[in-house]
Amino acid sequence: MREHLFIHPEVADALAKRQPVVALESTVLTHGMPHPRNVETARRVEAAVREGGAVPATIAVLDGRIRVGLDDDDLQRLGEVGRKAWKLSRRDLPVALALGVEGSTTVAATMIGAELAGIPIFATGGIGGVHRGAELSFDVSADLEELARSSVCVVTAGAKAVLDLPKTLEVLETRGVPVLGFGTDRFPAFYTRDSGLPARRVDGAEEVARILHVKWRLGLDGGVVVANPIPEADALDPAVVGSAIDEALEQARAHGIAGGDVTPFLLERMEALTGGRSLEANVALIIHNARVGSAIARALCALQN
Amino acid sequence: MREHLFIHPEVADALAKRQPVVALESTVLTHGMPHPRNVETARRVEAAVREGGAVPATIAVLDGRIRVGLDDDDLQRLGEVGRKAWKLSRRDLPVALALGVEGSTTVAATMIGAELAGIPIFATGGIGGVHRGAELSFDVSADLEELARSSVCVVTAGAKAVLDLPKTLEVLETRGVPVLGFGTDRFPAFYTRDSGLPARRVDGAEEVARILHVKWRLGLDGGVVVANPIPEADALDPAVVGSAIDEALEQARAHGIAGGDVTPFLLERMEALTGGRSLEANVALIIHNARVGSAIARALCALQN
Amino acid sequence: MREHLFIHPEVADALAKRQPVVALESTVLTHGMPHPRNVETARRVEAAVREGGAVPATIAVLDGRIRVGLDDDDLQRLGEVGRKAWKLSRRDLPVALALGVEGSTTVAATMIGAELAGIPIFATGGIGGVHRGAELSFDVSADLEELARSSVCVVTAGAKAVLDLPKTLEVLETRGVPVLGFGTDRFPAFYTRDSGLPARRVDGAEEVARILHVKWRLGLDGGVVVANPIPEADALDPAVVGSAIDEALEQARAHGIAGGDVTPFLLERMEALTGGRSLEANVALIIHNARVGSAIARALCALQN
Ligand SMILES: [Mn+2]
Ligand SMILES: [Mn+2]
Ligand SMILES: [Mn+2]
């Protein structure tokens, strides 16, 4: 396995000492934001994890290996490659590794890397889910499948805003994935704090850690969603978000954008339509999730040591 | 694991001696019937298992543990708590355990408890399935997922009557779950003996036991549905059931009932609309399934000893 | 396990010596072609595997056992039994074994047999997938589930032509199954070389072998689709195929054909509607897949030895 998985010495050391580590994804670096904002954000997210008392482990595929923990020049290199990097989900991982291609990891692939490395906590922006129109297209993100499968806790501000949230929650329920509202009984909606849909309320990182501990001790494999609403001060106006999403979706249809290209396109359109405020919100919520992820990682270590 | 799983000494003793045990769910106790009918029924079901030559193991979550096998005062306590207890599916189990909340187990969570305890046979009333309208709502019971995953044989009078039965059977087929008609080549319809849909006919508990034995010996993990039609004498008139379901579904829509509240609401409406006969039928079929479950448990022990 | 799984000595010997083996399905023998064309084709496919430098292992259920590797009289016996044999998917396997019934294995059941025997490469004609109209019927082949679950590489000319290909590819993506285009970046359409949908291009058996090796070494369980287009010379005219499929589907609806009977019916109608050319194409593509399967099996052995 070692030949295809490289764990950064700092991460390996923390794991060996049972110290808190937080996994981070790299698609935001390559496909989620323009250069150099992407690299700058990745650094701020890593710094937020460190301030939270944990070691950051950004995950990507470089030189035929899953790298768990990137150096600063890896961050820069990926940030410059940008959309030319492959955007890797479960199905793409072995192909990219075998062909020696550079790639960034989606939520699904990051969960795989985190689980392989033994990191139970992962902070991201938004998870994938059921796409609008999936009743006819059957387009459902592999992230949901991975949440049912890999034993990683994903701290997120909700599913990406352009998805069908009720269907996404139904699939998570069917697949047995706990969806915990962090300090709230409402499932958040990424740019806004309340989707109008319910979540199971938990209060504080210790409560999350206890749930994770019980779940995995009992052999109930699979992931957990910690739905952490964007901070009030950073949240966008729900009406603005709603009409921007509608317009962006309309444009995606008009341009015939499909598959893995949809999310990057929509994020870009959202940014234009909100005058850049969606990008600011996106950065703020990722950093917020990194902090909460660190707190959960610390609480879980405390419980297990 | 022991800290979150408590196996009643009588059950543990039977399992250690490789004697037949039948798992039973507890949602019927908290959400399926009014007090005190629920407790009375639970006792009769346990008695039916004993008369069938097996040890009953009703499963619930109490005091932060999955309890496999309840004492009579546990039954009473849960029966009084009623709908204030959490109704636990796979996603809820670790939360209820970590928070120390009382909960009853659905088919999915009972399968989990049974598998953890090493009990391969479980008798219930009706399994969950694909909800009517799921082509738009994506509302599919976690019971189907669990049947694909946990190696437990579930003896049932069919899927709950208000579900979409053709879609439910399609999902079970896709997921590789055997659906065996116990003495019939028709999938039963809970209150009635024939849904008009096919099942793979098996004759007798020994045949079921042989199938289970082969399946799990080959490493083909996952559950088996034994579809056991309600006894002729207890079955309702299909025309009466059909119109009562339509009316109950209409009322659920009118009242905006959704999610986990749908089944209890519909059962209650069915009872009113059939003048209490649906409740009698429900009791009769659970007891019948308990008897058949005992016979299968005995046959499987005979085969394995 | 041995009591329900019989591995032909020639196959067992090759596996023990880490020599290339290619698994083959048997539904084409019982349900895919008329007698004696079916037996003749099965022999030609086995011969193609041998010419390709591997040992063929046709899989079926006979005398209460999964047989991995058939003798010539087994082939003949199954070919004569024809449609009276059970057509076995995952859910049917334990039933057929326990009841001692003869059965042929679909893609799903063949993958199970291959994985149990330790054969990572399997060549077939077309895999199952999402049926047209599945947005309402929920009719999805268990083959897709098996591809998500069993670690076997399936060489195929695409999904069966009568399926909904875009939905089939979406489900495979969601479930994390790599779909590799063998020498092409287009997903083939069984009788024709290009469905208009994308596949991840790979070039040569060595590249496939490297991907398989990495995938399974990393513990990324589950199957891989190698989509190998029908040879140019054998491909049918897309317009002819299109109208024949439409007509055959119309007839299936008119005759009320459903479930597992659909594919055999459609293949037969296609044959009549194309004046037998669809059958010739079917034979040609299976033999082509057998050759490519052998090359991949050889490359994988070379990599692992
Ligand atoms: Mn998709
Ligand atoms: Mn539901
Ligand atoms: Mn089907």
Side-chain angles (χ1 to χ4, degrees), chain A residues 1-6 61 64-66 68 86-101 103 106-109 111-113 115-118 128-131 133-150 168 171 175 221 258-262, chain C residues 129-136 138-140 144-145 147-149 151 153 163-181 196-204 206-226 299-300 303:
Chain A
M1 199 166 89
R2 292 296 112 178
E3 83 195 85
H4 301 296
L5 179 71
F6 175 80
V61 168
R65 284 174 166 189
I66 302 177
V68 179
W86 285 21
K87 188 181 157 192
L88 307 172
S89 187
R90 173 178 276 265
R91 65 167 183 171
D92 311 301
L93 259 186
V95 186
L97 292 168
L99 303 188
V101 167
T106 60
V107 168
M111 289 182 73
I112 292 172
E115 192 174 53
L116 286 173
V130 178
H131 285 263
E135 64 275 12
L136 292 181
S137 71
F138 280 35
D139 191 359
V140 176
S141 168
D143 292 356
L144 298 186
E145 178 68 24
E146 206 61 45
L147 281 162
R149 197 165 179 164
S150 291
T168 298
V171 170
R175 303 300 301 271
D221 295 339
D261 299 329
V262 172
Chain C
V130 178
H131 285 262
R132 297 187 191 206
E135 63 275 15
L136 292 180
F138 280 35
D139 191 359
V140 176
L144 298 186
E145 178 69 23
L147 281 162
R149 197 166 181 163
S151 296
C153 168
L163 299 167
D164 184 322
L165 300 186
K167 288 192 181 67
T168 299
L169 290 180
E170 286 290 354
V171 171
L172 288 169
E173 180 178 359
T174 301
R175 303 301 300 272
V177 179
V179 175
L180 309 176
L197 297 163
R200 176 75 77 189
R201 182 183 184 112
V202 290
D203 287 288
E206 286 70 24
E207 226 168 74
V208 175
R210 279 215 308 280
I211 293 167
L212 299 177
H213 185 67
V214 172
K215 180 169 164 55
W216 296 328
R217 278 288 289 274
L218 274 174
L220 301 177
D221 294 339
V224 169
V225 173
V226 172
L300 188 61
L303 203 63

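Convention: sequence-line order gives letters A, B, ...; per-chain numbering from 1.
Shortest non-hydrogen contact noted between C:Asp221 and A:Arg149 is O-NH2, 3.4 Å. Nearest heavy atom pair, residue C:Ile211 against residue A:Pro94, reads O-CB, 3.8 Å. Counting all heavy atoms, side chain and backbone alike, A:Ala142 lies closest to C:Glu173 at CB-O, 3.7 Å.
Interatomic distance, C:Glu170 CD to A:Phe138 CZ, rounded to the nearest 0.5 Å: 10.0 Å. Between the CD atom in C:Glu135 and the CG atom in A:Leu136 there is a gap of 6.0 Å [rounded to 0.5 Å]. Rounding to the nearest 0.5 Å places CZ of A:Arg65 at 11.5 Å from CG of C:Leu218.
By the 4.5 Å heavy-atom criterion applied to side chains, C:Arg200 and A:Asp92 are counted as neighbours. Side-chain atoms of A:Arg91 and C:Val179, non-hydrogen and from C-beta on, never get closer than 4.5 Å to each other.
Only the side chain of A:Ile112 comes within contact range of chain C, with at least one heavy atom under 4.5 Å from a heavy atom of that chain. Using a 4.5 Å cut-off between heavy atoms, C:Leu180 touches chain A through its side chain atoms alone. Contacts between C:Arg175 and chain A at a heavy-atom distance below 4.5 Å involve backbone atoms as well as side-chain atoms. Residue contact with chain C, scored on non-hydrogen atoms closer than 4.5 Å, is absent for A:Ser89.
Judged by distance alone, with hydrogens and angles left aside, the side-chain atoms of C:Thr174 form a donor-acceptor pair with the main-chain N or O of A:Val140 at under 3.5 Å. No donor-acceptor pair closer than 3.5 Å links the side chain of C:Lys215 to the backbone N or O of A:Leu93.
Chain A forms more heavy-atom pairs under 4.5 Å with one residue of C:Val224, C:Val214, C:Leu212, C:Val177 than with any other, namely C:Val214.
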